[in-house]
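Just below is one structure, and these are the notes that go with it.
Proteins come first, then strands; the chains are lettered A, B, ... in the order of their sequence lines, and each starts at number 1. All values below come from the heavy atoms of this structure, side chains included, with hydrogens, waters and symmetry mates left out.
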There are 2 protein chains.
Amino acid sequence: MVQSSIKVLRNRGYRVTRPRRQVLEVLETAQRPLSPYDIQKLLWGKGKHLDHVTIYRVLDLFCTLNLAHKILSLGGFVRCALGKREGCHRFTVCRNCGAFQEFADKGLCAGESEITQDFGFHAEQHLAESLGLCSECSSPQGDSV
Amino acid sequence: MVQSSIKVLRNRGYRVTRPRRQVLEVLETAQRPLSPYDIQKLLWGKGKHLDHVTIYRVLDLFCTLNLAHKILSLGGFVRCALGKREGCHRFTVCRNCGAFQEFADKGLCAGESEITQDFGFHAEQHLAESLGLCSECSSPQGDSV
DNA sequence: TTGTTAATGCAATAATGTTGCATTTATAAT
DNA sequence: ATTATAAATGCAACATTATTGCATTAACAA
């Protein structure tokens with residue numbers, strides 16, 4: 001996973017730097033969306049000092065390369081598992097524990113083009129998030145719900 | 001439109017204050033999503049000094065009452081034209097001029113419940129935004145594209 | 001090993017969002 | 001109209017998040 005992302009960087013002519021490796025690793029192991037400062041704290045805890053400016057820039061790059069994705073409803077970033085070819089991406093995000101799931105949803109794109117064609121709207125980016133509770137957190141034994 | 005929002009406030013037991021009226025008016029006439037500070041500047045231009053804290057609080061209330069909606073991809077607020085009963089809301093937003101359009105999309109909710117049921121995910125909020133260019137801005141004569 | 005240039009780190013600053021509390025004011029009761 | 005009262009606002013202070021310019025570092029090619 002991290003390896004394939006590194007390949008993407010190389011193939012596109014970007015350098016494989018230590019900060020980029022470190023952010024990739026953190027995103028890879030994270031079970032929830034991470035804000036830039038979340039990432040900084042996590043790395044800091046391992047004795048790795050990254051400037052927050054660097055993290056912002058790395059995340060920007062990752063998003064344009066489709067290696068990461070920003071969950072707007074929580075303001076955090078997740079690794080991107082699916083390529084652009086596989087249709088629109090939909091995310092489910094648990095508001096309690098942050099667990100997320102990514103889906104390639106072709107029906108979503110279809111519905112969108114239908115509804116927007118009439119207005120001559122040219123869509124470039126699609127955003128589809130569902131915020132709620134994952135199965136764990138919505139169960140009776142779920143914590144703090 | 002502003003009048004109906006005022007009714008909602010009254011019916012729910014909230015006071016109809018000057019700040020709330022003013023924010024409603026601004027949102028009503030705006031042709032693009034407005035951030036809290038956008039709203040402050042617009043009102044300030046008319047000689048009306050609202051504290052930004054008040055604007056944040058008013059917008060919070062409006063969102064919970066479904067009178068306004070936050071466009072996450074731009075960080076701005078728009079008036080909400082459709083009620084919760086009419087299904088999921090989808091927005092198209094022009095990244096150039098900010099023009100937006102709101103749709104009630106029942107297919108969206110349907111697709112969501114399908115795709116999430118298998119995972120036991122309980123969705124509470126839905127986010128569906130399409131970012132791109134409106135018909136004006138994507139036309140050859142469109143400005144700055 | 002060395003040169004080149006992309007990428008990083010740092011400092012400063014801007015923009016955005018939050019909290020607690022004193023004061024004001026919208027509303028209901030008189 | 002007037003007054004009581006509780007909600008809402010304004011203010012000050014602060015916390016968080018994001019951006020810019022520039023000197024320095026380090027990834028990669030030769």
- Could you check whether the rings of Phe103(A) and Phe119(B) sit parallel, tilted or perpendicular, using 30° and 60° as the cut-offs? perpendicular

Does any non-hydrogen side-chain atom of [Y] lie less than 4.5 Å from one of [X]?
X: Arg10(B); Y: Val16(B); result: yes
X: Ile6(A); Y: Val2(A); result: yes
X: Tyr14(A); Y: Val8(A); result: no
X: Phe100(B); Y: Gln31(B); result: no

Heavy atoms from C-beta onward define the side chain here; which of [options] lies closest to that of [X]?
X: Pro36(A); options: dA18(D), dT9(D), dG17(C); answer: dA18(D)
X: Thr54(B); options: dA12(D), dG17(C), dG10(D); answer: dG10(D)
X: Arg57(A); options: dT17(D), dT9(D), dG9(C); answer: dG9(C)
X: His52(B); options: dT19(C), dT17(D), dG17(C); answer: dG17(C)

- Closer than 4.0 Å, any side-chain N/O of Tyr56(A) to the OP1 or OP2 of dA18(D)? yes

- Counting just side-chain N and O atoms, does Arg18(B) come under 4.0 Å of either OP1 or OP2 of dA26(C)? no

For [X] and [N], give me the distance from atom [atom1] to atom [atom2], rounded to whole Å.
X: Leu50(B); N: dT24(C); atom1: CG; atom2: P; result: 17 Å
X: Ile55(A); N: dC10(C); atom1: CD1; atom2: C1'; result: 14 Å
X: Asp38(A); N: dA18(D); atom1: CG; atom2: C1'; result: 15 Å
X: Asp60(B); N: dT9(D); atom1: CG; atom2: P; result: 12 Å
X: Leu34(B); N: dA15(C); atom1: CG; atom2: P; result: 17 Å
X: Lys48(A); N: dG9(C); atom1: NZ; atom2: C1'; result: 18 Å
X: Leu72(B); N: dT16(C); atom1: CG; atom2: C1'; result: 15 Å
X: Tyr37(B); N: dT18(C); atom1: OH; atom2: P; result: 10 Å

- Using five base pairs at each end, measure the axis-to-axis angle across the helix from dT1(C)-dA30(D) to dT30(C)-dA1(D) and round it to 10 degrees. 40°

- Message: Around atom CD of Glu28(A), are there more than 12 heavy atoms from other residues, nucleotides or ligands closer than 6.0 Å?
- Response: yes

Distances under 3.5 Å between nitrogen or oxygen atoms of protein and nucleotides 27-30 of chain C:
unit_1: dT27(C); atom_1: OP1; unit_2: Val16(B); atom_2: N; d: 2.9

- Looking only at heavy atoms, which two atoms of Pro33(B) and Asp38(B) are closest? And how far apart? O-OD2, 4.1 Å

- Message: Can you give me the closest heavy-atom contact between Cys63(B) and Phe77(B), atom names plus distance?
- Response: SG-CE2, 3.6 Å

- Item | Residues that Ser73(B) engages under side-chain contact (heavy atoms from CB on, under 4.5 Å), provided they are two or more places apart | Leu72(A), Leu127(A), Ile71(B), Glu129(B), Leu131(B)

